J.: 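Here it is, the structure, as structure tokens.
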Amino acid sequence: MKIASYNVNGINGRLPVLLRWLKEAKPAIVCLQELKTTSDKFPLNAINAAGYSAIWHGQKSWNGVAILSRKEPLNETRRSLPGDRTDTNSRYIEAIAHQIVIGCIYLPNGNPYPGPKFDYKLKWFKRLSAHAKKLLAHDVPVMLVGDYNVMPTELDVYKPEKYIDDALFRKETRAAYQRLLKQGWTDAIRYKYPDKRIYTFWDYLRNAWGRDAGLRLDHFLLSPQLISRLKAVGVDKHVRGWDKTSDHAPVWIELKTK
DNA sequence: ATGCCCGGAGCGTCCGGA
């Protein structure tokens, strides 16, 4: 069973690319980020026609998350993180499918550092960690999937020295990610490839794709119950080379069906 | 130090992204 994550950077503008990739990759579950559309403009008909059901939480212009499922029904468990009722950003949606709790995450970018956006990023991270801890305590299979906007280590950045004061690589950001892992989560991509340079994002600027100047930002955090079921992981890197493509590539993991 | 490229909103040219 393949579960994928894809920051589409605008689901309506990206629809042809998304549909082409769905047809090719056939994931059972897909977590999408950066829909950049209101909920009423979510392209449900096209997604349904491609063979997927969906739950989504949109927002005008920015953010927006969705979970797609090929066969199994999605039972939505929440559509925001607890801990701040004033936060109106659509950055989290969660459902149960295949007896797995699946949290779809679009963590704030946080640039520029320092400033209120960076503070918001760290606050959001704290709320995520608090919720993640509760999920682990339930002792059910859980995965927290999506665009974390964090390069966890120097291996995840094409040129680490350029990113020292970037919100995605600041020591506070990396520390927050490590604290989250320490609860008992496993970064599935890194677990399978401890020493490999793997990127999931290439900026549109400065010919980043052509130079392979990438970042690893999209992560799968697995609860302990899922580790023994992890068969394979990968990045559909070629999709980043398509016309009118996102700046992220789809990332996926393959689990043994229980 | 700045612009470089994109999508969205909306119609000139911003903002936010990472």
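The figures that follow rest on heavy atoms only: side chains count, while hydrogens, waters and symmetry mates do not. Bear in mind that the values here come from a model prediction, so they are computed numbers and not experimental data. Letters go in sequence order (proteins before strands), and every chain restarts at 1.
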J.: Nearest to the side chain of A:Glu34, which nucleotide is it out of B:dA9, B:dG17, B:dG7?
T.: B:dG17
J.: Any base atoms under 4.0 Å from A:Tyr163, or only sugar-phosphate, or nothing? Heavy atoms, all strands.
T.: nothing
J.: Looking at the side chain of A:Trp62, which of B:dC4, B:dC15, B:dG10 is the nearest nucleotide?
T.: B:dC15
J.: A:Asn111 near the nucleic acid: base, sugar-phosphate alone, or nothing, with a heavy-atom cut-off under 4.0 Å?
T.: base
J.: The side chain of A:Arg206 is closest to which nucleotide in this list: B:dG10, B:dC4, B:dG16?
T.: B:dC4
J.: Base, sugar-phosphate, or nothing: which does A:Asp147 touch, judged by heavy atoms less than 4.0 Å apart?
T.: sugar-phosphate
J.: With the side chain counted from C-beta on, respond yes when A:Tyr148 and A:Leu128 share a heavy-atom pair under 4.5 Å apart, and no when they do not.
T.: yes
J.: 5'-most contact on DNA chain B: A:Tyr204 or A:Lys41, nearest heavy atom basis?
T.: A:Tyr204
J.: Inspect the surroundings of CD in A:Glu161 and state if more than 12 heavy atoms from other residues, nucleotides or ligands are less than 6.0 Å away.
T.: yes
J.: How close or far is atom C1' of B:dC5 from atom CZ of A:Arg14, stated in whole angstroms?
T.: 12 Å
J.: Just checking, any donor-acceptor pair under 3.5 angstrom between side chains of A:Asn111 and A:Lys117?
T.: no
J.: For the pair made of NZ in A:Lys36 and P in B:dG8, what is the distance, rounded to whole Å?
T.: 6 Å
J.: Start with the C-alpha gap between A:Tyr158 and A:Tyr163, add the side-chain angles, then the distance that decides, and say whether ring pair (Phe, Tyr, Trp, His ring centres under 6.0 Å) holds.
T.: CA-CA 10 Å; A:Tyr158 68 98; A:Tyr163 283 83; 5.7 Å; yes
J.: With heavy atoms under 4.0 Å as the rule, sort A:Tyr106 into base, sugar-phosphate or nothing.
T.: sugar-phosphate
J.: Using the C1' atom in both, what is the distance from B:dG10 to B:dC15, to the nearest Å?
T.: 13 Å
J.: What's A:Asn149 touching, base or sugar-phosphate or nothing? Going by heavy atoms closer than 4.0 Å.
T.: sugar-phosphate
J.: Would you mind telling me which of B:dG16, B:dC5, B:dG8 lies closest to the side-chain atoms of A:Leu205?
T.: B:dC5
J.: Whole angstroms only, please: what is the CD-P distance between A:Gln33 and B:dG17?
T.: 14 Å
J.: Can you tell me, in whole Å, how much space there is between the C1' of B:dC4 and that of B:dG16?
T.: 16 Å
J.: What is the ring orientation for A:Trp209 with A:Trp202, classed by angle as parallel under 30°, tilted 30 to 60°, or perpendicular over 60°?
T.: perpendicular
J.: Could you tell me the separation between the CG atom of A:Leu215 and the C1' atom of B:dG17, rounded to a whole number of Å?
T.: 12 Å
J.: Classify the angle between the aromatic ring planes of A:Tyr113 and A:Phe118 as parallel (below 30°), tilted (30 to 60°) or perpendicular (above 60°).
T.: perpendicular
J.: In whole Å, measure the gap between the P atoms of B:dT2 and B:dC14 for me.
T.: 16 Å
J.: Please report the distance, rounded to the nearest Å, between CG in A:Asn7 and P in B:dC6.
T.: 16 Å
J.: The side chain of A:Ser61 is closest to which nucleotide in this list: B:dA9, B:dG17, B:dG7?
T.: B:dA9
J.: B:dC5 P sits how many Å from A:Lys244 NZ, rounded?
T.: 14 Å
J.: Whole angstroms only, please: what is the CG-C1' distance between A:Asn89 and B:dG17?
T.: 13 Å
J.: I need the CD-P distance between A:Gln59 and B:dG17, as an integer number of Å.
T.: 10 Å
J.: When the P atoms of B:dG12 and B:dG3 are compared, how many Å lie between them, rounded to an integer?
T.: 23 Å
